[in-house]
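Presented below is the structure to which this report refers.
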Amino acid sequence: MSDLESKTRYDPSEVEPRIAQRWLDSGLFHPEPAGAPSENYSIAIPLPNVTGVLHMGHALNNSIQDCLIRRQRMRGVRAKWILGTDHAGIGTQIQVERAVVREGTSREELGREAFVERVWAWRDEYGGQIIEQLKRLGASLDYEDERFTLDEGYARAVQDVFVALYNKGYIYRDRYLVNWDPGMGSAISDLEVEQREVTDTLYYIDYPLVTGSGSVTIATVRPETMLADVAIAVHPDDDRYRRLVGEKAVLPLVGRKLKIIADEYVKPDFGTGALKITPGHDPADFDIGQRHGLPQISVIGEDGRMIEPAPERFVGMTALECRDAVVAELREQGLINRTEEYLHEVPYSQRSGERIEPLISLQWFMRMDELVKPAIDVVNSGHVRLWPENYKRVYLSWMENIRPWTISRQLWWGHQIPVWYRGDERYVGTEPPPGDGWTRDPDVLDTWFSSGLFPFAALGWPEETPALQAFYPTDALVTARDIIFLWVARMVMLGIEFTGQIPFTDVYVHSIIQAPDGRRMSKSLGTGIDPMDLIEGGPRPPVFAQGGQPAGDFPAYGADAVRWGLLAMSSAQDVKFAEDKVAQAQQLTNKLWNASRLILLGVGEDARAAISPRTVEDRWILARLERAKADTSARIDRFDFSHAALGLYDFVYGDLCDWYLELVKPRLRAGEPELAGTLLHVLTQTLALVHPVMPFVTEEIYSYVPGADGLLAAGIPDVGETRDDAAAEAAIMRLIEAVQALRAWRDQAGVRPGATLPARLTVSGGYEDTAEHLQRLARVAFAEPDDGEQPVASVPIQGGAVEIFPSGELDLEAAGRKVAARREQLEAEIQRAERKLSNDGFVAKAPKDVVDAERDKLTRLREELAAL
RNA sequence: GGGCGCGUAGCUCAGUGGGAGAGCGCUCGCUUCACACGCGAGAGGUCGCUGGUUCGAGCCCAGCCGUGCCCACCA
């Protein structure tokens with residue numbers, strides 16, 4: 001007990017690492033597989049990158065999941081939070097490539113085998129940092145059962161899925177226009193492309209007609225791609241060009257004859273109304289080319305340099321160099337009609353940040369049209385629910401317009417595609433083909449292909465493992481919206497396809513935490529913070545010094561504070577990070593600690609744990625406690641974490657500390673034996689209630705509770721029962737209002753805070769059980785004056801008034817001002833109520849209880865005025 | 001171009017039809033024996049603007065202004 005006595009402040013830095021270790025040593029987070037998924041509870045973590053570090057989004061995301069998991073575990077449910085890390089093909093490969101370059105070598109020099117070995121070594125050295133950070137956050141993941149998406153067993157699942165989908169005809173290889181990322185040297189999927197606003201020069205170029213009479217002018221921002229033009233398109237109804245349809249123009253610099261075609265896609269009012277068609281380097285043109293059976297010509301290679309059949313003098317130039325060369329030649333020939341500045345959106349690679357080069361490439365694709373159907377059905381039918389519900393429409397509209405998925409990546413780090421070639425032969429299988437002369441497809445699969453299998457592959461699929469039988473399907477999936485399509489939608493599709501079951505029933509989409517100035521948190525912008533700097537103390541970037549927070553380092557707020565703060569901040573939409581909330585939470589941990597000190601040091605070590613409410617305040621706090629439990633539970637069921645967190649704060653600060661503990665202090669000091677049981681009950685139930693949000697401080701305090709053995713995290717019996725007690729609630733509510741009225745009156749009347757005023761309670765009733773409390777908390781003493789002295793002031797309270805007798809402590813003038821002010825306020829409110837009640841429309845049309853309530857109010861106000 | 005949000009106290013945000021709220025900040029007071037990371041009492045808002053529906057609108061409807069995000073093949 002010595003710590004309790006001596007430590008008047010709660011110190012998370014000392015407590016949290018110690019508690020985290022206790023949890024890990026207990027094995028509590030590792031449930032043995034048993035029972036059925038319907039009676040168990042499981043969540044699959046959004047796979048962190050193996051070489052990643054925790055950012056604010058992770059901190060919120062995992063605080064939410066931990067809250068859900070801990071709540072279930074404490075109820076005695078077998079709860080498993082499935083842990084894995086993602087090999088993150090692109091990101092990890094780029095990191096290691098940079099490292100080897102710094103060492104003076106390169107990926108190419110090392111060769112595939114050596115490079116991949118190098119990545120594994122990198123992963124062993126730097127990987128797993130994020131796991132340690134999750135432990136520090138208090139995340140109760142099953143650390144004893146950690147997967148990696150490149151593990152042997154996981155790889156087997158990936159290959160099985162590939163082969164099965166190939167055999168079904170869903171996976172195919174094709175030459176198609178893809179998003180080529182020159183920075184990575186790989187194709188990427190549509191979802192990895194982002195649009196950025198760019199100012200380009202729009203060139204108007206004359207294409208002479210074959211007839212020699214005139215020309216057609218087209219507009220383009222990419223003149224270098226004209227070398228791959230195969231046609232010119234105009235709108236069929238465009239009178240300016242109608243007579244030209246079917247004729248031909250000469251492609252400048254190349255000499256190829258381009259047919260002039262008509263296509264509805266062309267916008268007559270944009271540019272010149274004539275569009276050059278370049279199926280090899282533009283997605284829209286690719287489609288038009290297919291409609292009209294046009295050839296596809298490529299003049300830009302995968303290295304971003306010009307290739308044949310571009311005229312030889314351009315070959316080898318970068319696309320940008322070529323643009324300048326092409327423009328120069330066109331200028332010489334007088335074919336540049338004019339130019340203008342043009343602001344438009346251009347595709348960029350999210351990964352490398354380079355501008356996407358659309359080009360035709362031989363890649364692997366996955367057909368989605370069949371897979372998507374059941375994934376749409378399960379959302380429509382409500383078997384998979386999205387929270388908030390808005391996302392249902394977002395999900396469905398994406399699913400309904402889904403296109404083939406480019407799944408091959410020209411990388412070395414990842415799941416190599418299980419396809420072998422020998423001449424014209426192709427072999428697809430999970431094992432290498434027999435015989436000699438086979439070459440394996442060098443590409444690897446998109447990382448999201450493997451992570452899309454996570455909920456079942458992590459549990460051992462395709463083996464029918466006990467873990468799979470016990471914990472799949474999972475229950476909730478918690479994520480920010482940025483990976484709904486990349487990950488969530490694909491898990492639903494692949495889960496249904498390969499297990500015949502939905503992978504989870506609820507998808508909760510939480511906020512994205514922005515910097516205080518509303519920008520996205522980002523390291524490069526200087527708008528990001530490391531959650532560890534909040535937990536353990538660390539540098540506060542300038543952007544975060546706003547909002548009244550002092551400059552300098554963050555204090556060591558502790559994981560509990562960060563968790564509560566993030567939950568309190570979160571909502572259905574994006575929120576700005578508010579350090580205030582974290583600070584508020586830290587105060588809550590301290591409040592819990594000190595309230596517990598009061599109780600635990602007060603009741604002594606031999607206290608009984610049985611509840612024995614003796615007084616009205618005992619009955620009141622038990623009713624309030626049960627209500628707080630029910631409210632919190634309902635809020636978490638609705639994934640309303642901010643109100644859950646704020647509600648816990650209100651209960652602890654308001655009901656428990658401000659009122660109940662203050663009310664029972666005299667009984668506590670008197671050592672009343674019945675009180676101890678009630679206090680310990682309220683304390684332990686409160687600790688259990690708060691624990692899913694603030695696990696550390698509650699676990700620490702629980703270790704001091706007499707008779708408590710084991711871990712709070714394992715749950716304690718919920719001995720609460722329905723304790724609605726309207727009478728007690730009304731009585732304490734009257735008391736609270738009366739105390740506040742008297743305190744306000746005293747303050748305004750300039751009464752010395754410590755002074756006890758002689759007074760008389762003049763009420764019709766309702767204070768039988770609380771008059772003692774009222775006297776102590778408001779510092780008044782009820783007594784009849786023996787000399788028949790008259791009161792000098794009357795403080796109205798529910799049901800009557802407290803009349804104050806003269807004493808040396810009273811400043812009558814100030815008291816008079818206070819009374820006058822209150823009278824003015826009352827008269828205004830009475831007028832307002834009278835006006836409302838004299839409105840015939842209100843009395844006639846408003847619901848009866850509303851009208852009655854208004855009448856009651858008026859009566860009360862008049863009584864109070866009279867009492868003054 | 002389509003879709004989804006947001007605009008409430010100095011700051012960050014609750015509040016979705018019947019008397020405007022919280023935390024922080026601010027003012028005043030308090031070494032009250034759990035906590036000064038505390039306690040008590042206050043000040044502070046024409047709820048973006050304009051119209052409408054209603055007995056009654058921060059809340060419902062329409063328009064406008066401002067602002068954020070998602071999706072989309074206008075060169």
Side-chain angles (χ1 to χ4, degrees), chain A residues 4 8-10 177 195 202 218-222 225 233 265-267 269-278 282-288 342 344-345 347 358 390-391 393-394 397-398 401 481-482 484-485 512 514 516 518 520 546-549 555 557 561 568-569 571-581 583-602 642-643 646 649-650 657-658 661-662 665 668-669 739-740 743-748 750 752-754 777 779 829 832-833 836 839-847 849-851 853-854 857:
Chain A
L4 263 187
T8 60
R9 286 184 183 182
Y10 174 68
L177 192 82
Q195 304 292 323
L202 188 59
I218 59 88
T220 181
V221 292
R222 303 200 57 198
T225 64
Y265 168 79
V266 183
K267 307 272 185 297
D269 54 353
F270 189 88
T272 62
L275 178 63
K276 78 185 191 66
I277 302 299
T278 320
D282 183 278
D285 294 5
F286 185 86
D287 290 345
I288 295 173
Y342 181 54
H344 65 149
E345 301 235 298
N390 299 0
Y391 285 104
R393 232 182 317 168
V394 178
S397 71
W398 186 75
N401 297 303
R481 73 180 122 68
D482 50 356
I484 293 178
F485 305 140
I512 290 175
Q514 301 171 327
R520 284 191 84 123
Q546 299 168 350
Q549 290 300 332
Y557 284 118
M569 269 178 248
S571 73
Q573 64 214 28
D574 294 354
V575 291
K576 292 176 198 157
F577 178 79
E579 189 180 339
D580 286 353
K581 283 280 188 295
Q584 185 182 351
Q586 189 198 20
Q587 289 168 351
L588 177 57
T589 60
N590 194 55
K591 197 71 173 171
L592 278 168
W593 174 253
N594 276 296
S596 304
R597 289 178 66 226
L598 174 69
I599 293 171
L600 294 173
L601 295 172
S642 72
H643 287 103
L646 292 165
Y649 180 94
D650 287 343
C657 294
D658 288 350
L661 293 181
E662 293 301 330
K665 269 180 183 175
L668 187 60
R669 279 192 216 105
V739 169
Q740 288 175 333
R743 281 173 177 169
W745 182 87
R746 292 172 60 112
D747 201 62
Q748 303 283 307
R752 191 170 57 82
L777 295 177
R779 295 197 184 229
E829 284 186 35
R832 184 190 170 125
K836 206 165 179 179
N839 179 339
D840 292 339
F842 175 71
V843 179
K845 297 193 180 177
D849 53 325
V850 174
V851 178
E854 198 65 26
K857 185 173 85 184

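Hydrogens, waters and symmetry mates are skipped; everything else that's a heavy atom, side chains included, is used. Throughout, a chain's letter reflects where its sequence line sits, starting with A, and its residues are numbered from 1.
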I'd like to know if Lys581(A) reaches the base of G23(B) with its side chain, counting only an N/O donor and acceptor under 3.5 Å. no
Does A43(B) have a Watson-Crick or wobble partner in any strand here, with both distances under 3.5 angstrom, and which is it? none
Using a cut-off of 4.0 Å on non-hydrogen atoms, how would the nucleic acid contact of Pro847(A) be classed: base, sugar-phosphate, or nothing? base
Give me, pair by pair, the N or O atoms of the protein and of nucleotides 39-41 of chain B that are less than 3.5 Å apart, along with how far apart they are.
unit_1 : atom_1 : unit_2    : atom_2 : d
C39(B) : OP1    : Lys591(A) : NZ     : 2.6
A41(B) : O2'    : Asp747(A) : OD2    : 2.9

Distance, P atom - from G38(B) to C24(B), rounded to whole angstrom: 8 Å
Please give the nucleotide sitting opposite C6(B) as a Watson-Crick or G-U wobble pair, both distances under 3.5 Å, or none. G66(B)
Side-chain contact test, heavy atoms from C-beta onward, threshold under 4.5 Å: evaluate it for Leu668(A) versus Leu598(A) and give yes or no. yes
Measure the distance from CD on Glu579(A) to P on C13(B) and round it to the nearest whole Å. 15 Å
So what's U16(B) paired with, Watson-Crick or G-U wobble, going by both distances under 3.5 Å? none
Among C37(B), C30(B), A34(B), which nucleotide has an atom closest to any side-chain atom of Gln586(A)? C37(B)
In Watson-Crick or G-U wobble terms, both distances under 3.5 Å, what is the partner of G58(B)? none
So is Lys845(A) actually on top of Phe842(A)'s ring, under 6.0 Å and inside 45° of the axis? no
For the CG atom of Asn594(A) and the SG atom of Cys657(A), what is their distance to the nearest 0.5 Å? 9.0 Å
Length of the CZ-P vector between Arg597(A) and A34(B), whole Å: 9 Å
The nucleotide from G19(B), G38(B), G5(B) with an atom nearest the side chain of Gln587(A) is G38(B)
When you check the side-chain N and O atoms of Thr278(A) and Lys276(A), is any donor under 3.5 Å from an acceptor? yes
Any side-chain N or O of Lys845(A) under 4.0 Å from OP1/OP2 of U54(B)? no
Validation row: His344(A), Val221(A) side chains within 4.5 angstrom (heavy atoms): yes
Nearest to the side chain of Asp580(A), which nucleotide is it out of G23(B), G19(B), C37(B)? G23(B)
Length of the CG-P vector between Leu661(A) and U32(B), whole Å: 18 Å
Determine whether Tyr391(A) and Arg393(A) make a side-chain contact, defined as any pair of heavy atoms from C-beta on separated by less than 4.5 Å. no
Provide the distance between the two C1' atoms, one in G25(B) and one in U12(B), to the nearest whole Å. 11 Å
Heavy atoms under 4.0 Å, any strand shown: does Arg9(A) hit a base, just sugar-phosphate, or nothing? base
Pairing nucleotide - G1(B), Watson-Crick or G-U, each distance under 3.5 Å: C71(B)
With 3.5 Å as the limit, what N/O pairs link the protein to nucleotides 70-75 of chain B?
unit_1 : atom_1 : unit_2    : atom_2 : d
A72(B) : N6     : Glu345(A) : OE1    : 2.9
C73(B) : OP1    : Arg403(A) : NH1    : 3.4
C73(B) : OP1    : Arg403(A) : NH2    : 3.4
C73(B) : O2'    : Tyr265(A) : OH     : 3.4
C73(B) : O2     : Tyr265(A) : OH     : 3.3
A75(B) : OP2    : Tyr342(A) : OH     : 2.7
A75(B) : O2'    : Ala219(A) : O      : 2.6
A75(B) : N6     : Lys267(A) : O      : 2.6
A75(B) : N6     : Phe270(A) : O      : 2.8
A75(B) : N1     : Lys267(A) : N      : 3.3

Please tell me which of the listed nucleotides, U12(B), C35(B), C55(B), lies nearest to the side chain of Asn839(A)? C55(B)
Do the side-chain N or O atoms of Gln584(A) get closer than 4.0 angstrom to the phosphate oxygens (OP1, OP2) of C37(B)? no
Residue Arg832(A), side-chain atoms from C-beta onward, closest of C55(B), G19(B), C4(B): G19(B)
With both distances under 3.5 angstrom, what nucleotide forms a Watson-Crick or G-U wobble pair with G38(B)? C30(B)
For nucleotides 14-16 of chain B, which of its nitrogen or oxygen atoms have a protein nitrogen or oxygen under 3.5 Å away, and what is each distance?
unit_1 : atom_1 : unit_2    : atom_2 : d
A14(B) : O3'    : His643(A) : NE2    : 3.4
A14(B) : O2'    : His643(A) : NE2    : 2.7

Quick one, Leu177(A) and Asp282(A) - any side-chain contact, counting heavy atoms below 4.5 Å? no
Ring-plane angle category for Tyr10(A) and Trp593(A), please: parallel below 30°, perpendicular beyond 60°, tilted otherwise. tilted
